[in-house]
Amino acid sequence: MKVDVLLGLQWGDEGKGKVVDVLTPRYDAVARFQGGPNAGHTLEFEGKKYVLRSIPSGIFQHGQVNIIGNGVVLDPVLFREEAEALEKSGIALKDILKISKKVHLIMPTHRLLDAANEKAKGGAKIGTTGKGIGPTYTDKISRNGLRLGDIFHNFDEKYANARDKHLATLEAMGEKPDFAEMEHRWLDAIEYLKGYDIVDSEYLINGLLKDGKSILCEGAQGTLLDVDFGSYPFVTSSNTICAGACSGLGVAPNKIGEVYGIFKAYCTRVGSGPFPTELFDETGKKIRDLGHEYGAVTGRERRCGWIDLVALRYSIMLNGVTQLIMMKSDVLDDFDEIKACVAYKINGKETREFPFSIEEDNIEPVYVSLPGWKTDMTRFKSEEEFPEQFSNYISFLEKELETPITIISIGPDREQTIERKR
Ligand code: GDP
Ligand code: IMO
Ligand code: MG
């Protein structure tokens with residue numbers, strides 16, 4: 001009986017998809033527990049690249065059940081696009097994917113509301129992915145949502161009621177959308193969804209556990225985008241932290257085993273909001289170019305900066321991380337100097353704790369500078385090959401973070417993954 005959780009410790013895009021794929025053969029099931037198509041999880045193997053949005057990253061290995069849990073919000077149209085592309089490439093998705101009856105549906109009007117809310121915020125906009133995430137979770141919390149299981153019970157009426165409420169709100173905001181085409185495609189996609197196994201996923205998951213099976217939970221977004229603990233209001237609308245796996249799957253807290261926390265050897269953020277270690281200079285640009293830091297979903301430029309250990313310590317604490325996974329160290333292979341933020345100076349006072357607000361103008365990062373390893377590590381196969389400076393960098397991070405780094409990713413491919421001996 002075992003539920004392990006893998007989640008991002010920064011502002012998303014840490015490389016969760018790649019590592020879930022690598023770890024999947026050790027589990028019987030893989031489950032997404034929150035978020036929706038705002039996620040873009042990239043996997044690369046055998047010269048091919050896939051980007052998954054709503055479907056778990058365990059579908060490319062063999063024999064695992066993949067589950068979309070109740071905490072997820074699902075857009076039928078985007079799901080259909082994603083699923084049909086995968087089926088075309090030979091994945092028998094209908095055989096391996098189970099979707100919770102309790103996932104909340106993203107309606108076309110949720111996407112329109114997302115856009116209208118952003119427009120109304122003007123300069124203070126969040127820079128959302130535009131996928132309707134906020135409005136869908138808003139409806140869930142305010143008890144106006146539409147769930148996948150509803151498609152079997154008086155659905156037309158429930159849908160029309162929800163849609164008309166949204167249209168009234170949009171009209172009050174000065175928006176008069178013509179969305180007949182969007183609606184048509186959405187209703188078609190609802191029919192398509194009926195071809196999948198729509199289940200009571202809390203029973204499925206707890207039944208697996210009872211049978212001695214193991215489950216890997218795949219987080220989306222990152223801890224600093226968590227609605228309670230992230231850089232509010234510049235966050236997403238779900239609990240991205242480990243606790244989200246309990247509520248988003250119906251797994252009791254005492255069933256959680258390992259918590260894998262993923263971070264990049266530097267830091268990125270996409271969308272608006274504060275980012276204390278952001279670099280606006282040539283170094284930031286170099287990280288963006290070498291790391292191909294452009295959004296997997298929106299193609300937007302990701303903002304880049306040095307690793308922030310204040311934020312990482314906070315994320316490790318909130319999630320109860322037991323093992324760290326460091327991604328994209330290869331991006332720093334050619335740097336003379338690598339910096340790490342070990343504390344913040346706020347109004348002249350140093351702190352190692354993540355404060356209530358991290359607005360740029362009152363925070364000054366305190367950096368430690370480390371020598372770069374200046375070695376192309378992308379073909380390395382084991383930790384014995386690590387250059388001394390790189391080993392020192394890892395030891396430095398482990399000491400600062402008080403948690404072991406057990407896996408290091410040195411390139412986007414499945415094979416470019418080094419597991420350390422413990
Ligand atoms: P996720 O949302 O956490 O799954 O991450 P994304 O897929 O949005 O972004 C991670 C990006 O980095 C993807 O383009 C991956 O292919 C790529 N990637 C993952 N691990 C590594 C790595 O170790 N090195 C390099 N250079 N790229 C990586
Ligand atoms: P993965 O799972 C990075 C960001 C958006 C925006 C904020 C709110 O690939 O790591 P939303 O559409 O959720 O209302 O947008 O959150 N955001 C992400 N940033 N990776 C993600 O997912 C993200 N999902 C949302 O850019 O700033
Ligand atoms: Mg991503």
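As the structure is a prediction and not an experimental result, all values here were calculated from the model. Because only heavy atoms are used, hydrogens play no part in the values below, and waters and symmetry mates are left out as well, while side chains stay in. For the single chain, residues carry numbers from 1 onward in sequence order. Atoms within a ligand are numbered from 1 in the order they appear, just like the ligands themselves.
- The closest side-chain donor-acceptor pair between Gln64 and Thr24, if any, does not fall under 3.5 angstrom.
- The distance cut-off of 2.8 Å around the Mg ion (ligand 3) captures these protein N, O or S atoms, sorted by chain and number: Asp13 OD1, Gly40 O.
- Each of Arg303, Arg302, Lys286 was evaluated against Glu293; a single residue qualifies, Arg302, per the salt bridge (charged side-chain N to carboxylate O under 4.0 Å, His left out) test.
- Salt-bridge formation is not detected for the pair Glu385/Arg379: no Lys NZ or Arg NE/NH1/NH2 atom is positioned less than 4.0 Å from an Asp or Glu carboxylate oxygen.
- Within ligand 1, counting atoms from 1 as listed, the ones closer than 4.0 Å to a heavy atom of Asp330 are 22 (C), 23 (O), 24 (N), 25 (C), 26 (N).
- No hydrogens or angles considered: nothing links the side chains of Asp139 and His104 as a donor-acceptor pair under 3.5 Å.
- Thr417 and Lys18 are linked by a side-chain donor-acceptor pair at a separation below 3.5 angstrom, with hydrogens and angles left out of the test.
- Scanning the protein heavy atoms around atom 27 (N) of ligand 1, the nearest turns out to be Lys328 CE, 3.3 Å.
- Phe60 and Tyr50 have tilted rings, their planes meeting at an angle from 30° to 60° on a 0 to 90° scale.
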Please step through salt bridge (Lys or Arg N to Asp or Glu O under 4.0 Å) for the pair Lys374 and Asp334, ending with a clear verdict. CA-CA 5 Å; Lys374 304 285 282 181; Asp334 189 36; 3.4 Å; yes
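- Protein heavy atom in closest approach to atom 15 (C) of ligand 1: Thr42 CB, 3.9 Å.
- The closest approach between a heavy atom of Arg302 and any atom of ligand 1 is below 4.0 Å.
- Which parts of ligand 1 touch Lys18 is read off a 4.0 Å heavy-atom cut-off, strictly below it: atoms 20 (N).
- Listed by number with element, the atoms of ligand 1 under 4.0 Å from a non-hydrogen atom of His41 are 1 (P), 2 (O), 4 (O), 7 (O).
- Under a 4.0 Å criterion applied to the non-hydrogen atoms of Gly411, ligand 1 contributes the atoms 20 (N), 21 (C), 22 (C), 23 (O), 24 (N), 25 (C).
- Annotation: cation-pi geometry satisfied between Arg414 and Phe45 (NZ/CZ under 6.0 angstrom from ring centroid, within 45° of ring axis).
- With hydrogens and angles left out, the side-chain atoms of Thr223 and Asn319 include a donor and acceptor closer than 3.5 Å.
- Counting only heavy atoms of the protein, atom 23 (O) of ligand 1 lies nearest to Ser409 OG, 2.5 Å.
- Within 6.0 Å of CD in Glu337 there are more than 12 heavy atoms belonging to other residues, nucleotides or ligands.
- Figure legend: cation-pi geometry between Lys328 and Tyr266 absent, as NZ or CZ is not positioned both under 6.0 Å from the six-membered ring centre and within 45° of its axis.
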Under the salt bridge (Lys or Arg N to Asp or Glu O under 4.0 Å) criterion, do Arg53 and Asp75 qualify, and how do the steps go? CA-CA 10 Å; Arg53 293 161 155 193; Asp75 182 324; over 6 Å; no
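- In this structure, Trp186 has its ring center under 6.0 Å from that of Tyr159.
- In summary, the atoms of ligand 1 found under 4.0 Å from a heavy atom of Ile410, numbered by their order in the structure, are 23 (O).
- The distance criterion of under 3.5 Å between nitrogen or oxygen atoms is met by Gly15 with respect to ligand 1.
- Looking at Lys16 against ligand 1, both its backbone and its side chain come within 4.0 Å, counting heavy atoms.
- Near Met327, meaning under 4.0 Å from one of its heavy atoms, ligand 1 places the atoms 20 (N).
- Taking every heavy atom of Glu44 and a limit of under 4.0 angstrom, the matching atoms of ligand 1 come to 16 (O).
- Nearest protein neighbour of atom 10 (C) of ligand 1, counting heavy atoms only, is Asp13 O, 3.7 Å.
- When Gly291, Gly8, Gly17, Gly35 are ranked by how near their heavy atoms come to atom 4 (O) of ligand 1, first place goes to Gly17.
- Taking the six-membered ring where the residue is Trp, Phe386 and Phe390 present perpendicular rings, their angle passing 60° and hence far from 30°.
- For OH of Tyr232, the number of neighbouring non-hydrogen atoms (other residues, nucleotides, ligands) closer than 6.0 Å is 12 at most.
- Side-chain contact annotation: Gln221 with Asn38, donor-acceptor N/O pair under 3.5 Å present.
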After noting the C-alpha distance and the side-chain angles of Arg352 and Glu402, does the key distance pass the salt bridge (Lys or Arg N to Asp or Glu O under 4.0 Å) rule? CA-CA 13 Å; Arg352 282 163 67 88; Glu402 296 178 12; 5.6 Å; no
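- Every atom of ligand 1 with a heavy atom of Gly40 under 4.0 Å away is listed here by number and element: 1 (P), 2 (O), 4 (O), 6 (P), 7 (O), 8 (O).
- Near ligand 2, residues Trp11, Gly12, Asp13, Lys16, Asn38, Ala39, Gly40, His41, Ile126, Gly127, Thr128, Thr129, Ile133, Ala220, Gln221, Leu225, Val235, Thr236, Val270, Gly271, Arg300 each place a heavy atom inside the 4.0 Å sphere around the ligand atoms.
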